[in-house]
Amino acid sequence: MSNQLKSSREDIYTRITKEIVEAMEYGPSEFAMPWHHDGSPIVRPINVASGKPYRGVNILALWAAGVGLGFGSGLWGTYKQWSERGAQVRKGACASTVIFWKSADSPSAANEADEGDEKRRGRVIARGYSVFNADQVEGFELPETPILPESERDANADAFLAALGIDIAAGGAEAYYTPSTDTVHLPDFERFRDAASFYAVAIHECGHATGAKHRLDRNLMSRFGTQTYAAEEICVELAAGFVLAELGIAHHPRPDHAAYISSWIDLLKDDRRAIFTAASKAQQIADWMHAQQVG
């Protein structure tokens with residue numbers, strides 16, 4: 001590798017590291033790191049041209065920029081990408097840096113940076129790109145997102161969730177359970193494509209909450225070892241299917257299933273008894289939920 005290329009790469013690393021460090025030091029009373037988020041749209045930086053989420057160190061870099069400059073949007077693009085969409089980057093706007101790898105053998109092929117990419121790809125060139133946040137441009141309007149009306153709510157299902165006694169925090173862009181606070185986080189009802197999707201996700205995440213020590217104290221480590229995460233996902237998804245069927249709500253695959261369905265398949269192939277254990281645990285979850293209902 002030439003000294004010029006090495007110097008260029010190190011310069012990119014220095015720039016991004018500097019931005020992240022500055023975000024960590026931002027404000028005298030700000031203790032949250034750039035990767036500590038509240039579920040707002042800034043959580044998942046997305047490229048305006050491809051519609052794909054950024055990856056690896058680029059996520060940290062754009063989180064850092066968002067914290068430091070106070071952006072409320074997670075949409076980013078180069079000057080050219082914004083211009084091609086009829087938008088104009090404001091004069092004096094401060095650009096943020098992202099990294100893409102380019103193969104020395106095929107300079108036209110660019111891939112976004114991921115930890116370990118350099119070692120896997122051999123002779124590569126790290127190239128930095130300047131990007132701007134949607135908050136830094138004029139003349140761009142986000143596509144209007146259909147809002148699911150409150151009239152679509154299912155009173156029976158709402159009462160079922162309430163009776164569980166599990167703390168559910170609404171807001172943000174992601175659904176997840178936080179064991180440390182024993183809280184289920186869900187996007188607002190209006191952000192789901194339909195009511196069935198909302199209740200499927202809500203029951204699924206509450207299923208995770210049943211594993212807390214003061215509830216079912218579910219421990220799958222001794223049974224599944226390194227595949228505990230996949231086993232837990234199967235258990236709560238089966239439980240959600242059981243409960244939703246009893247509530248008379250259609251149960252469709254969640255949009256994020258593709259991300260971990262392969263791990264389910266691997267687990268079930270490796271252990272022919274896994275589905276029996278998962279179904280048993282799922283029934284325990286469903287039974288616990290029903291036991292919390294009043295009347």
Side-chain angles (χ1 to χ4, degrees), residues 8 11-24 26-27 30 32-102 107-114 125-150 170-175 187-194 197 255-256:
S8 174
D11 179 58
I12 294 170
Y13 291 164
T14 299
R15 284 159 57 192
I16 287 186
T17 301
K18 179 175 180 291
E19 291 172 1
I20 293 174
V21 169
E22 287 177 350
M24 293 169 67
Y26 178 69
E30 179 58 68
M33 297 300 100
W35 48 87
H36 293 164
H37 56 71
D38 62 358
S40 62
I42 197 175
V43 168
R44 197 173 192 189
I46 294 174
N47 179 264
V48 68
S50 67
K52 295 180 179 179
Y54 287 91
R55 294 160 52 86
V57 71
N58 289 337
I59 296 175
L60 295 182
L62 298 181
W63 275 348
V67 171
L69 299 174
F71 296 146
S73 173
L75 205 57
W76 299 79
T78 64
Y79 187 96
K80 181 181 179 183
Q81 288 171 338
W82 285 118
S83 180
E84 289 173 346
R85 282 151 187 78
Q88 176 62 51
V89 175
R90 293 191 184 92
K91 186 175 181 180
C94 179
S96 301
T97 308
V98 294
I99 296 178
F100 279 79
W101 297 110
K102 281 199 172 183
S108 62
N111 296 281
E112 192 171 348
D114 259 337
I125 301 171
R127 180 174 177 181
Y129 288 82
S130 294
V131 294
F132 299 88
N133 188 270
D135 288 359
Q136 296 175 291
V137 305
E138 298 174 343
F140 178 80
E141 293 186 10
L142 289 171
E144 187 174 341
T145 303
I147 294 178
L148 184 64
E150 285 289 313
E174 298 182 6
D188 291 318
F189 180 80
E190 65 181 25
R191 300 192 62 173
F192 286 81
R193 66 173 181 267
D194 53 42
S197 298
D256 58 348

With sequence neighbours left out, the residues meeting side-chain contact (heavy atoms from CB on, under 4.5 Å) with Tyr79 are Gln88, Val89, Phe132
For Arg90, the salt bridge (Lys or Arg N to Asp or Glu O under 4.0 Å) test, sequence neighbours excluded, returns Glu138
Nearest heavy-atom approach of Phe140 to Leu75 is CE2-CD2, 3.7 Å
Output for pair (Ser73 OG, Asp135 CG), nearest 0.5 Å, gives 5.5 Å
For Gly77 and Tyr54 the tightest heavy-atom approach is N-OH, 4.3 Å
One should read off an interatomic distance between Ser197 OG and Phe189 CZ, to the nearest 0.5 angstrom, of 9.5 Å
Note: Ser96 and Leu62 closest approach over all heavy atoms is CB-CD2, 4.2 Å
Tightest non-hydrogen contact, residues Gly128 and Thr97, listed as CA-CG2, 4.3 Å
Looking only at heavy atoms, the pair that brings Arg191 and Gly172 closest together is NH1-O, 2.9 Å
The side-chain contact (heavy atoms from CB on, under 4.5 Å) partners of Lys91 (sequence neighbours excluded) come to none
Residue set satisfying side-chain contact (heavy atoms from CB on, under 4.5 Å) with Ser50, at least two apart, ordered chain then number -> Asn47, Lys52
Heavy-atom nearest pair, Asp194 first then Leu148, reads C-CD2, 3.5 Å
